[in-house]
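Please read all numbers here as calculations on a predicted model, not as lab measurements.
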Amino acid sequence: MDKGKIRIFEGFAGYGGGSFGLKRLKENLPDLELEVVGYSEFDRFASELFDANHHQADGSPLKNWGDITKIDPYDPNFPDFDMFMGGFPCQPFSSAGMQKGTDDPYGRGVMLSHIIRICKVKKPKYIFLENVKGFTHGKFQPIHNQLVKDLRKMGYGKEPLAKAVLNSKDYGVPQNRERLWMFAQLG
């Protein structure tokens with residue numbers, strides 16, 4: 001492993017919003033070495049857009065591992081990474097959605113468990129997640145608390161989850177959208 005480079009796997013990648021954010025971060029921190037080593041996106045149109053905008057250093061496309069529920073973290077071809085980054089589906093937790101949480105009829109409310117399943121095996125140094133601010137309280141607090149408990153068991157510390165609610169309008173995006181950002185560090 002290159003000690004100066006942070007290798008990233010982007011789950012629930014969509015068009016690659018996380019990767020765009022990393023590119024913007026690199027503009028302000030040019031010595032920071034980042035490399036997206038793969039991504040997971042099951043929507044064909046979103047992954048086509050991701051592929052059009054994000055490439056490996058040699059210009060070749062990044063590997064899309066597809067549906068996260070089908071990823072085998074023990075697969076010898078599945079890359080190691082230092083950071084899992086992803087905005088798992090927010091519809092089950094959003095005030096604009098049905099608010100069914102893990103009982104979401106489309107299965108979106110259990111996608112967080114696949115992040116945990118993969119990270120238990122890969123043990124990335126960092127986990128960086130995004131969702132709606134309501135994920136941490138009310139009827140979704142037990143799901144949030146289970147995430148914290150799982151992270152503790154995996155070695156992410158006694159208080160493993162740093163959280164902040166940030167609004168996209170404060171970062172040059174022409175949209176008023178508050179999002180919860182959660183960060184965990186191994187060790």
Check whether any side-chain heavy atom of K120 sits under 4.5 Å from a side-chain heavy atom of I116, and report yes or no. yes
Inter-residue atom distance Q56.CD - K63.NZ, 0.5 Å rounding: 11.5 Å
Should the pair Y39 and F50 be assigned to parallel (<30°), tilted (30 to 60°) or perpendicular (>60°) ring geometry? parallel
side-chain contact (heavy atoms from CB on, under 4.5 Å) for F93 and I143? Distances and angles first, verdict last. CA-CA 10 Å; F93 310 106; I143 301 165; 3.7 Å; yes
Is L34 reachable from W181 through a run of I, L, V, M, F, W or Y residues, each pair having side-chain heavy atoms under 4.5 Å apart? yes
Answer whether the closest heavy-atom distance between the side chains of F88 and I68 falls below 4.5 Å. no
Rounded to the nearest 0.5 Å, what separates atom CZ in R24 from atom CG in L29? 12.5 Å
Donor-acceptor pair, K23 side chain versus H54 backbone, under 3.5 Å? no
Ignoring hydrogens and angles, tell me if any N or O in the side chain of R117 forms a donor-acceptor pair with the backbone of P73 under 3.5 Å. no
Does any N or O in the side chain of E35 come within less than 3.5 Å of the main-chain N or O of R7, such that one atom is a donor and the other an acceptor? no
For a quick test of reading the model, state the closest non-hydrogen atom pair linking P142 to G138 and the distance between them. CD-O, 4.0 Å
If you take all heavy atoms of R108 and P89, which pair is closest and at what distance? CB-CB, 3.7 Å
Does atom CZ (F78) have a neighbourhood of more than 12 heavy atoms from anything else shown, all under 6.0 Å? yes
Is F140 reachable from V148 through a run of hydrophobic residues whose side-chain heavy atoms are each under 4.5 Å from the next? yes
May I ask you to decide if K169's main-chain N or O and N176's side chain share a donor-acceptor pair within less than 3.5 Å? no
Test your reading of the model: is there a side-chain donor-acceptor pair from E10 to the backbone of G18, 3.5 Å cut-off? yes
Hydrophobic clustering (ILVMFWY, side-chain heavy atoms < 4.5 Å, transitive) - are L186 and V37 grouped together? yes
Steps toward side-chain hydrogen bond (donor to acceptor under 3.5 Å, both in side chains) verdict (Y15, D43): CA-CA 10 Å; Y15 67 87; D43 182 273; over 6 Å; no
Check: F12 main-chain N/O paired with S40 side-chain donor or acceptor under 3.5 Å: no
Where do V132 and L180 come nearest, in terms of heavy atoms and distance? O-CB, 3.6 Å
I want to check something: taking the side chain as every heavy atom from C-beta on, are L161 and Y156 in contact at a cut-off of under 4.5 Å? no
Looking at side-chain heavy atoms only, is the closest gap between M98 and Y106 below 4.5 Å? yes
pair Y126-M85: side-chain heavy atoms closer than 4.5 Å: no
Kindly say whether L49 contributes a backbone atom to a donor-acceptor pair with the side chain of N53 at under 3.5 angstrom? yes
Shortest non-hydrogen pair, L151 vs A184, comes out as CD1-CB, 4.1 Å
Could you tell me whether the side chain of F135 reaches within less than 4.5 Å of the side chain of L112, counting heavy atoms only? yes
Can you tell me how far the CZ atom of F183 sits from the CG atom of L129, to the nearest 0.5 Å? 10.5 Å
Salt-bridge present (E48, R44; N to O < 4.0 Å): yes
Do L22 and I127 land in one hydrophobic cluster if side-chain heavy atoms of ILVMFWY residues count as linked below 4.5 Å? no
Specify the closest pair of heavy atoms between G66 and N64, including all atoms of both residues, with the distance to one decimal. N-OD1, 2.7 Å
So CD1 of I118 and OG of S113: to nearest 0.5 Å the spacing works out to 9.5 Å
Main chain of Q175, side chain of S168: is a donor-acceptor contact present, judged purely on distance under 3.5 Å? yes
Hey, is NZ on K100 packed in by over 12 heavy atoms from elsewhere, all under 6.0 Å? no
Determine whether more than 12 heavy atoms belonging to other residues, nucleotides or ligands lie under 6.0 Å from atom NZ of K26. yes
Looking only at heavy atoms, what is the nearest atom pair of L62 and D51, with distance? O-OD1, 4.3 Å
Would you find a donor on one side and an acceptor on the other, under 3.5 Å apart, between the side chain of D82 and the backbone of P124? no
Would you call T136 and K163 a side-chain contact if the rule is heavy atoms closer than 4.5 Å? yes
Path from L147 to M111 over hydrophobic side-chain contacts below 4.5 Å: yes
May I ask you to test the L166-R179 pair for a side-chain heavy-atom distance under 4.5 Å? no
Hey, does the side chain of K139 reach the backbone of Q99 with a donor-acceptor pair shorter than 3.5 angstrom? yes
